[in-house]
Amino acid sequence: MSKLILAIESSCDETAASVMRFDEESSVFEYEFLSSVIDSQIDLHAAYGGVFPDLAARVHVQKIRPIVDEAVRKSGVTLSEVDYIAVTSGPGLIASLLVGVEFAKGLALGTGKPLLKINHMDGHLYSFWESGETPAFPAVSLVVSGGHTLLILLEEFGKYRVLGSTLDDAAGEAFDKTARMLGLPYPGGPALSKLAQTSTGLVPEFPRPMLKNDNFSFSFSGLKTSVLYHLKKRAELSETEKADVAKGVEDAIVSVLTAKTVKAALECNARTITLSGGVAANSMLRETLAKKCQELGLTLLIAPRGLCTDNAQMIALAAGLQVYHKQINPSPLGEVRADAGWEI
Ligand code: KG4
Ligand code: ZN
(Lines give C-alpha, C1' and ligand atoms only; values in the text may rest on other atoms or scores of the structure.)
(Ligands and ions follow the chains in the order given, each with its own letter.)
Protein backbone atom coordinates (compact mmCIF):
# COMPACT_ATOMS: atom_id res chain seq x y z
CA MET A 1 0.00 0.00 0.00
CA SER A 2 1.22 3.44 -0.88
CA LYS A 3 2.25 5.68 2.04
CA LEU A 4 3.42 9.29 2.31
CA ILE A 5 6.20 10.70 4.49
CA LEU A 6 6.83 14.37 5.19
CA ALA A 7 10.47 14.74 6.27
CA ILE A 8 12.06 17.72 8.00
CA GLU A 9 15.81 18.43 8.30
CA SER A 10 17.44 21.30 10.23
CA SER A 11 20.58 19.82 11.80
CA CYS A 12 23.08 22.38 10.53
CA ASP A 13 22.65 25.33 8.16
CA GLU A 14 20.02 23.99 5.77
CA THR A 15 16.29 24.14 6.48
CA ALA A 16 14.78 21.42 4.32
CA ALA A 17 11.55 19.50 3.82
CA SER A 18 10.50 16.78 1.41
CA VAL A 19 7.46 14.62 0.69
CA MET A 20 8.10 11.05 -0.46
CA ARG A 21 5.72 8.31 -1.54
CA PHE A 22 6.70 4.69 -0.99
CA ASP A 23 5.10 1.29 -1.12
CA GLU A 24 4.87 -0.49 2.22
CA GLU A 25 4.14 -3.92 0.77
CA SER A 26 5.95 -4.20 -2.59
CA SER A 27 8.48 -7.02 -2.93
CA VAL A 28 11.31 -4.50 -3.42
CA PHE A 29 11.40 -1.05 -1.82
CA GLU A 30 9.97 1.48 -4.27
CA TYR A 31 9.75 5.18 -3.69
CA GLU A 32 9.22 8.51 -5.41
CA PHE A 33 10.01 12.03 -4.22
CA LEU A 34 7.02 14.32 -4.69
CA SER A 35 8.84 17.45 -3.54
CA SER A 36 12.07 18.71 -2.02
CA VAL A 37 12.73 22.22 -0.76
CA ILE A 38 16.05 23.40 0.71
CA ASP A 39 16.85 26.79 2.13
CA SER A 40 20.62 27.03 2.43
CA GLN A 41 22.17 29.63 4.72
CA ILE A 42 25.59 29.33 3.09
CA ASP A 43 25.72 32.98 2.02
CA LEU A 44 24.90 34.18 5.56
CA HIS A 45 27.62 32.07 7.19
CA ALA A 46 30.28 32.72 4.55
CA ALA A 47 31.09 36.03 6.26
CA TYR A 48 32.08 34.08 9.42
CA GLY A 49 34.16 31.50 7.51
CA GLY A 50 31.98 28.68 8.87
CA VAL A 51 28.61 27.98 10.45
CA PHE A 52 27.68 30.44 13.22
CA PRO A 53 25.33 28.27 15.35
CA ASP A 54 23.16 31.02 16.92
CA LEU A 55 22.54 32.62 13.56
CA ALA A 56 21.73 29.21 12.03
CA ALA A 57 19.07 28.54 14.67
CA ARG A 58 17.50 31.99 14.29
CA VAL A 59 17.20 31.54 10.54
CA HIS A 60 15.72 28.04 10.98
CA VAL A 61 13.03 29.59 13.21
CA GLN A 62 12.11 32.03 10.43
CA LYS A 63 12.28 29.49 7.61
CA ILE A 64 10.92 26.24 8.98
CA ARG A 65 7.22 26.94 8.48
CA PRO A 66 7.43 28.43 4.96
CA ILE A 67 9.78 25.62 3.84
CA VAL A 68 7.52 22.84 5.16
CA ASP A 69 4.46 24.58 3.67
CA GLU A 70 6.20 24.84 0.30
CA ALA A 71 7.24 21.17 0.33
CA VAL A 72 3.66 20.10 1.04
CA ARG A 73 2.25 22.48 -1.60
CA LYS A 74 4.73 21.36 -4.28
CA SER A 75 4.06 17.68 -3.57
CA GLY A 76 0.47 17.99 -4.77
CA VAL A 77 -0.84 16.19 -1.68
CA THR A 78 -2.37 17.71 1.45
CA LEU A 79 -1.01 17.51 4.97
CA SER A 80 -4.00 15.42 6.00
CA GLU A 81 -3.02 12.76 3.41
CA VAL A 82 0.47 12.37 4.89
CA ASP A 83 0.94 9.11 6.84
CA TYR A 84 4.16 9.86 8.74
CA ILE A 85 6.17 12.89 9.80
CA ALA A 86 9.92 12.21 10.01
CA VAL A 87 12.45 14.55 11.57
CA THR A 88 16.22 14.65 11.99
CA SER A 89 16.78 14.39 15.76
CA GLY A 90 20.60 14.27 15.71
CA PRO A 91 23.52 14.49 15.39
CA GLY A 92 24.08 18.16 14.62
CA LEU A 93 24.02 21.61 16.17
CA ILE A 94 21.72 21.49 19.19
CA ALA A 95 19.95 24.82 18.62
CA SER A 96 19.42 24.01 14.92
CA LEU A 97 18.09 20.51 15.69
CA LEU A 98 15.71 21.87 18.32
CA VAL A 99 13.93 24.03 15.75
CA GLY A 100 13.14 21.11 13.42
CA VAL A 101 12.34 18.67 16.22
CA GLU A 102 10.00 21.00 18.12
CA PHE A 103 8.28 22.09 14.90
CA ALA A 104 7.76 18.45 13.89
CA LYS A 105 6.39 17.60 17.33
CA GLY A 106 3.93 20.50 17.08
CA LEU A 107 2.88 19.35 13.63
CA ALA A 108 2.45 15.74 14.82
CA LEU A 109 0.43 16.89 17.81
CA GLY A 110 -1.78 19.16 15.71
CA THR A 111 -2.43 16.62 12.95
CA GLY A 112 -2.35 13.41 14.98
CA LYS A 113 0.25 11.92 12.59
CA PRO A 114 2.88 9.48 13.90
CA LEU A 115 6.35 10.98 14.36
CA LEU A 116 9.54 9.14 13.36
CA LYS A 117 12.88 10.35 14.70
CA ILE A 118 15.67 9.85 12.20
CA ASN A 119 19.43 9.94 12.61
CA HIS A 120 21.04 12.41 10.19
CA MET A 121 23.87 9.95 9.46
CA ASP A 122 21.35 7.20 8.59
CA GLY A 123 20.01 9.73 6.11
CA HIS A 124 23.45 10.22 4.57
CA LEU A 125 24.27 6.49 4.71
CA TYR A 126 21.22 5.33 2.72
CA SER A 127 21.05 8.21 0.24
CA PHE A 128 22.60 6.00 -2.48
CA TRP A 129 19.55 3.66 -2.36
CA GLU A 130 17.71 3.51 -5.70
CA SER A 131 14.00 2.89 -6.02
CA GLY A 132 13.19 -0.68 -7.01
CA GLU A 133 16.75 -1.92 -6.39
CA THR A 134 18.25 -3.88 -3.52
CA PRO A 135 22.03 -3.54 -3.20
CA ALA A 136 24.15 -6.69 -3.27
CA PHE A 137 25.23 -7.20 0.34
CA PRO A 138 27.58 -7.11 2.12
CA ALA A 139 28.44 -3.53 1.25
CA VAL A 140 31.15 -1.24 2.52
CA SER A 141 29.86 2.31 2.86
CA LEU A 142 31.97 5.45 2.92
CA VAL A 143 29.98 8.30 4.47
CA VAL A 144 31.88 11.56 4.26
CA SER A 145 30.40 14.85 5.43
CA GLY A 146 31.44 18.06 7.12
CA GLY A 147 31.18 16.49 10.57
CA HIS A 148 31.79 12.77 9.96
CA THR A 149 34.05 10.34 8.13
CA LEU A 150 32.64 6.86 8.54
CA LEU A 151 33.56 3.55 7.00
CA ILE A 152 30.71 1.13 7.60
CA LEU A 153 30.16 -2.57 6.95
CA LEU A 154 26.55 -2.91 5.86
CA GLU A 155 25.51 -6.55 6.09
CA GLU A 156 21.91 -5.91 5.17
CA PHE A 157 19.50 -3.04 5.60
CA GLY A 158 19.72 -1.80 9.21
CA LYS A 159 22.50 -4.22 10.18
CA TYR A 160 25.79 -2.46 10.17
CA ARG A 161 29.03 -1.98 12.02
CA VAL A 162 31.29 1.06 11.98
CA LEU A 163 34.70 -0.18 10.80
CA GLY A 164 36.47 3.13 11.26
CA SER A 165 35.99 6.83 11.66
CA THR A 166 38.13 9.90 11.96
CA LEU A 167 40.35 10.46 14.96
CA ASP A 168 40.23 14.25 14.51
CA ASP A 169 38.93 16.31 11.58
CA ALA A 170 36.31 14.92 9.22
CA ALA A 171 37.10 14.82 5.48
CA GLY A 172 34.77 17.76 4.78
CA GLU A 173 36.37 19.70 7.60
CA ALA A 174 39.81 19.04 6.09
CA PHE A 175 38.56 20.46 2.79
CA ASP A 176 36.97 23.45 4.55
CA LYS A 177 39.98 24.30 6.75
CA THR A 178 42.62 24.02 4.03
CA ALA A 179 40.38 25.98 1.66
CA ARG A 180 40.20 28.73 4.25
CA MET A 181 44.01 28.83 4.43
CA LEU A 182 43.99 29.42 0.68
CA GLY A 183 41.57 32.32 1.12
CA LEU A 184 38.64 30.43 -0.41
CA PRO A 185 35.05 31.03 0.72
CA TYR A 186 32.96 28.73 2.93
CA PRO A 187 32.08 25.93 2.26
CA GLY A 188 35.59 25.16 1.17
CA GLY A 189 35.12 21.73 -0.45
CA PRO A 190 33.47 22.78 -3.69
CA ALA A 191 35.63 25.94 -3.96
CA LEU A 192 38.87 24.03 -3.40
CA SER A 193 37.87 21.35 -5.88
CA LYS A 194 37.04 23.95 -8.54
CA LEU A 195 40.39 25.68 -8.02
CA ALA A 196 42.24 22.33 -8.16
CA GLN A 197 40.85 21.74 -11.65
CA THR A 198 42.84 24.74 -12.92
CA SER A 199 46.17 23.38 -11.62
CA THR A 200 48.87 23.28 -14.32
CA GLY A 201 52.09 23.39 -12.27
CA LEU A 202 53.97 21.17 -9.87
CA VAL A 203 51.55 19.64 -7.38
CA PRO A 204 52.96 19.44 -3.83
CA GLU A 205 52.82 15.96 -2.29
CA PHE A 206 51.06 16.30 1.06
CA PRO A 207 51.02 13.48 3.64
CA ARG A 208 48.48 10.68 3.20
CA PRO A 209 47.55 10.28 6.86
CA MET A 210 46.98 6.75 8.22
CA LEU A 211 47.26 5.31 4.71
CA LYS A 212 49.56 2.48 5.77
CA ASN A 213 47.99 1.85 9.19
CA ASP A 214 46.49 -1.53 9.81
CA ASN A 215 43.03 -0.20 10.70
CA PHE A 216 40.22 1.81 9.17
CA SER A 217 40.69 5.01 11.13
CA PHE A 218 41.24 8.33 9.43
CA SER A 219 43.12 11.42 10.57
CA PHE A 220 43.21 14.67 8.67
CA SER A 221 44.65 17.19 11.12
CA GLY A 222 48.26 16.40 10.08
CA LEU A 223 47.40 17.24 6.49
CA LYS A 224 46.06 20.59 7.65
CA THR A 225 49.31 21.34 9.53
CA SER A 226 51.40 20.30 6.57
CA VAL A 227 49.47 22.66 4.27
CA LEU A 228 49.88 25.45 6.84
CA TYR A 229 53.70 24.99 6.90
CA HIS A 230 53.79 24.79 3.13
CA LEU A 231 52.00 28.13 2.89
CA LYS A 232 54.07 29.76 5.66
CA LYS A 233 57.29 28.97 3.82
CA ARG A 234 56.14 31.03 0.86
CA ALA A 235 55.46 34.74 1.05
CA GLU A 236 52.66 35.18 -1.44
CA LEU A 237 51.31 32.47 -3.71
CA SER A 238 50.24 33.23 -7.25
CA GLU A 239 46.79 32.02 -8.35
CA THR A 240 48.34 29.13 -10.28
CA GLU A 241 50.44 28.09 -7.25
CA LYS A 242 47.32 28.16 -5.11
CA ALA A 243 45.63 25.89 -7.63
CA ASP A 244 48.56 23.45 -7.35
CA VAL A 245 48.24 23.40 -3.55
CA ALA A 246 44.48 22.83 -3.87
CA LYS A 247 45.19 19.90 -6.21
CA GLY A 248 47.72 18.51 -3.71
CA VAL A 249 45.11 18.65 -0.92
CA GLU A 250 42.40 17.04 -3.03
CA ASP A 251 44.79 14.29 -4.20
CA ALA A 252 45.79 13.52 -0.60
CA ILE A 253 42.23 13.37 0.78
CA VAL A 254 40.82 11.41 -2.16
CA SER A 255 43.64 8.87 -2.20
CA VAL A 256 43.32 8.12 1.53
CA LEU A 257 39.51 7.81 1.34
CA THR A 258 39.68 5.59 -1.74
CA ALA A 259 42.50 3.34 -0.51
CA LYS A 260 40.90 2.68 2.90
CA THR A 261 37.47 2.03 1.41
CA VAL A 262 38.82 -0.44 -1.13
CA LYS A 263 40.93 -2.18 1.53
CA ALA A 264 37.85 -2.53 3.75
CA ALA A 265 35.79 -3.87 0.86
CA LEU A 266 38.41 -6.52 0.05
CA GLU A 267 38.88 -7.57 3.67
CA CYS A 268 35.13 -7.84 4.25
CA ASN A 269 34.46 -9.62 0.94
CA ALA A 270 32.04 -6.85 0.07
CA ARG A 271 30.12 -7.04 -3.20
CA THR A 272 29.22 -3.39 -3.21
CA ILE A 273 30.81 -0.09 -2.22
CA THR A 274 28.55 2.86 -1.46
CA LEU A 275 29.50 6.53 -1.30
CA SER A 276 27.47 9.34 0.25
CA GLY A 277 27.59 12.53 2.35
CA GLY A 278 28.53 16.10 1.39
CA VAL A 279 32.08 15.20 0.25
CA ALA A 280 30.61 12.55 -2.08
CA ALA A 281 29.69 15.49 -4.34
CA ASN A 282 33.42 15.69 -5.13
CA SER A 283 34.01 14.68 -8.76
CA MET A 284 37.54 13.39 -8.22
CA LEU A 285 36.39 11.12 -5.38
CA ARG A 286 33.47 9.82 -7.45
CA GLU A 287 35.70 9.13 -10.46
CA THR A 288 38.64 7.62 -8.54
CA LEU A 289 36.41 5.24 -6.62
CA ALA A 290 34.52 4.33 -9.80
CA LYS A 291 37.78 3.42 -11.55
CA LYS A 292 38.95 1.27 -8.63
CA CYS A 293 35.62 -0.53 -8.38
CA GLN A 294 35.63 -1.25 -12.10
CA GLU A 295 39.13 -2.75 -11.86
CA LEU A 296 38.04 -4.97 -8.96
CA GLY A 297 34.61 -5.93 -10.32
CA LEU A 298 32.80 -4.30 -7.40
CA THR A 299 29.48 -2.54 -7.78
CA LEU A 300 29.63 1.13 -6.81
CA LEU A 301 26.49 2.95 -5.69
CA ILE A 302 26.90 6.71 -5.30
CA ALA A 303 24.31 9.09 -3.91
CA PRO A 304 22.95 11.45 -6.57
CA ARG A 305 24.68 14.85 -6.25
CA GLY A 306 21.48 16.52 -4.98
CA LEU A 307 21.31 14.08 -2.08
CA CYS A 308 24.97 14.42 -1.01
CA THR A 309 24.90 17.72 0.90
CA ASP A 310 22.21 18.19 3.54
CA ASN A 311 18.63 17.75 2.34
CA ALA A 312 15.34 16.28 3.58
CA GLN A 313 14.97 13.68 0.81
CA MET A 314 17.60 11.51 2.50
CA ILE A 315 15.68 11.78 5.81
CA ALA A 316 12.47 10.71 4.06
CA LEU A 317 14.35 7.85 2.39
CA ALA A 318 15.92 6.59 5.65
CA ALA A 319 12.51 6.82 7.33
CA GLY A 320 10.74 5.01 4.47
CA LEU A 321 13.33 2.23 4.40
CA GLN A 322 12.99 1.73 8.16
CA VAL A 323 9.18 1.60 7.99
CA TYR A 324 9.34 -0.80 4.99
CA HIS A 325 11.76 -3.08 6.86
CA LYS A 326 9.67 -2.80 10.06
CA GLN A 327 12.68 -1.44 11.94
CA ILE A 328 11.10 1.67 13.40
CA ASN A 329 8.09 2.58 15.49
CA PRO A 330 6.62 6.05 15.86
CA SER A 331 7.87 7.72 19.03
CA PRO A 332 5.62 9.07 21.78
CA LEU A 333 5.98 12.85 21.41
CA GLY A 334 7.36 13.23 24.95
CA GLU A 335 10.27 10.95 24.00
CA VAL A 336 11.36 12.85 20.90
CA ARG A 337 14.26 15.12 21.75
CA ALA A 338 17.02 16.83 19.83
CA ASP A 339 20.18 14.81 20.48
CA ALA A 340 23.29 16.63 19.24
CA GLY A 341 25.59 13.66 19.90
CA TRP A 342 23.42 10.80 18.56
CA GLU A 343 25.94 8.43 16.95
CA ILE A 344 24.92 5.62 14.60
O1 KG4 B 1 26.77 16.45 4.46
P2 KG4 B 1 27.00 17.88 4.51
O3 KG4 B 1 26.14 18.80 3.69
O4 KG4 B 1 26.91 18.44 5.95
C5 KG4 B 1 27.22 17.72 7.11
O6 KG4 B 1 26.38 16.89 7.53
O7 KG4 B 1 28.33 17.94 7.60
O8 KG4 B 1 28.53 18.09 4.10
C9 KG4 B 1 29.12 19.34 3.96
C10 KG4 B 1 30.59 19.13 3.64
C11 KG4 B 1 31.40 20.44 3.71
O12 KG4 B 1 32.55 20.18 4.48
C13 KG4 B 1 31.73 20.72 2.26
O14 KG4 B 1 32.94 21.43 2.08
C15 KG4 B 1 31.81 19.32 1.68
O16 KG4 B 1 30.75 18.63 2.30
N17 KG4 B 1 31.64 19.30 0.23
C18 KG4 B 1 32.64 18.98 -0.65
C19 KG4 B 1 32.10 19.16 -1.95
N20 KG4 B 1 30.79 19.56 -1.82
C21 KG4 B 1 30.54 19.65 -0.49
N22 KG4 B 1 33.90 18.59 -0.43
C23 KG4 B 1 34.65 18.35 -1.51
N24 KG4 B 1 34.24 18.51 -2.78
C25 KG4 B 1 32.96 18.90 -3.05
N26 KG4 B 1 32.56 19.03 -4.30
ZN1 ZN C 1 24.98 16.21 6.71
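Heavy-atom basis, side chains included; hydrogens, waters and symmetry copies ignored. Here the structure is a predicted model, which means the values were calculated and not measured.
At least one donor-acceptor pair under 3.5 Å links the side chain of Lys105 to the backbone N or O of Val336. Here the side chain of Asp23 pairs a donor or acceptor atom with the backbone of Met1 at under 3.5 angstrom. Here the side chain of Lys113 pairs a donor or acceptor atom with the backbone of Val82 at under 3.5 angstrom. Between the side chain of Thr149 and the main chain of Ala171, a donor-acceptor pair closer than 3.5 Å is present. Side chain of Lys292 to backbone of Thr261: no donor-acceptor contact under 3.5 angstrom is found. Between the Ser226 side chain and the Gly222 main chain, no donor and acceptor come within less than 3.5 Å of each other. Listed for the Glu335 side chain is no donor-acceptor partner under 3.5 Å among the backbone atoms of Pro332. The closest donor-acceptor contact from the side chain of Ser127 to the backbone of His124 lies under 3.5 Å. Under a 3.5 Å cut-off, the side chain of Asp168 and the backbone N or O of Phe220 do form a donor-acceptor pair. Although no hydrogens or angles enter the test, the distance criterion places no donor-acceptor pair under 3.5 Å between the side chain of Ser18 and the main chain of Ser36.
Separation of atoms CZ (Phe157) and CZ (Phe29) is listed at 8.0 Å; rounding is to 0.5 Å. Going from atom CG of Leu151 over to atom CZ of Phe218 covers 5.0 Å, rounded to the nearest 0.5 Å.
Heavy-atom contacts from other residues, nucleotides or ligands closer than 6.0 Å to CD of Gln294 number 12 or fewer. Annotation for Arg234: atom CZ counts as buried by contact number, over 12 foreign heavy atoms lying within 6.0 Å. Open room surrounds CZ on Arg180; 12 or fewer heavy atoms of other groups in view lie less than 6.0 Å from it. Glu295 CD: more than 12 foreign heavy atoms inside a 6.0 Å radius.
When every heavy atom of Ile315 is checked against every heavy atom of Gly123, the shortest pair comes out as CD1-CA, 4.2 Å. Closest of all the heavy-atom pairs between Asn282 and Ser193 is ND2-OG, 3.6 Å. Heavy-atom minimum distance, Leu55 versus Gln41: O-OE1, 4.3 Å. Nearest heavy-atom pair, Ala280 versus Arg286, reported as atom, atom and distance to 0.1 Å: O-NH1, 2.7 Å. Minimum heavy-atom separation, Phe128 to Ile302: CB-C, 4.1 Å. Residues Leu153 and Pro138 approach most closely at CD1-CB, 4.1 Å, considering heavy atoms.
None of Arg65, Lys63, His60 except one satisfies the side chain to side chain donor-acceptor pair (under 3.5 Å) rule with Thr15; the exception is His60. Across Ile42, Ile67, Asn311, a single residue satisfies side chain to side chain contact (heavy atoms under 4.5 Å, CB included) together with Glu14, and that is Ile42.
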Worksheet entry | Derivation and outcome, side-chain hydrogen bond (donor to acceptor under 3.5 Å, both in side chains), residues Ser75 and Ser35 | CA-CA 5 Å; Ser75 72; Ser35 68; 4.7 Å; no
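Lys117 places none of its side-chain heavy atoms less than 4.5 Å from the side chain of Asp339. Considering only heavy atoms from C-beta on, Met181 comes within 4.5 Å of Lys224 through its side chain. Counting heavy atoms from C-beta outward, Ser10 and Phe103 have side chains that stay 4.5 Å or more apart. Between Thr88 and Asp310 the shortest side-chain heavy-atom distance does not fall below 4.5 Å. Proximity of Thr309 to Arg305: side-chain heavy atoms (C-beta onward) are nowhere separated by under 4.5 Å.
Phe175 and Tyr186 end up in different hydrophobic clusters when Ile, Leu, Val, Met, Phe, Trp and Tyr side chains are linked at under 4.5 Å. Residues Phe137 and Val140 are members of separate hydrophobic clusters, defined by side-chain heavy-atom contacts under 4.5 angstrom among Ile, Leu, Val, Met, Phe, Trp and Tyr. Val256 and Val162 fall into different hydrophobic clusters, where Ile, Leu, Val, Met, Phe, Trp and Tyr residues are linked whenever their side-chain heavy atoms come under 4.5 Å apart, directly or through other members.
Using cut-offs of 30° and 60° for the angle between ring planes, the Tyr160 and Tyr126 rings count as tilted.
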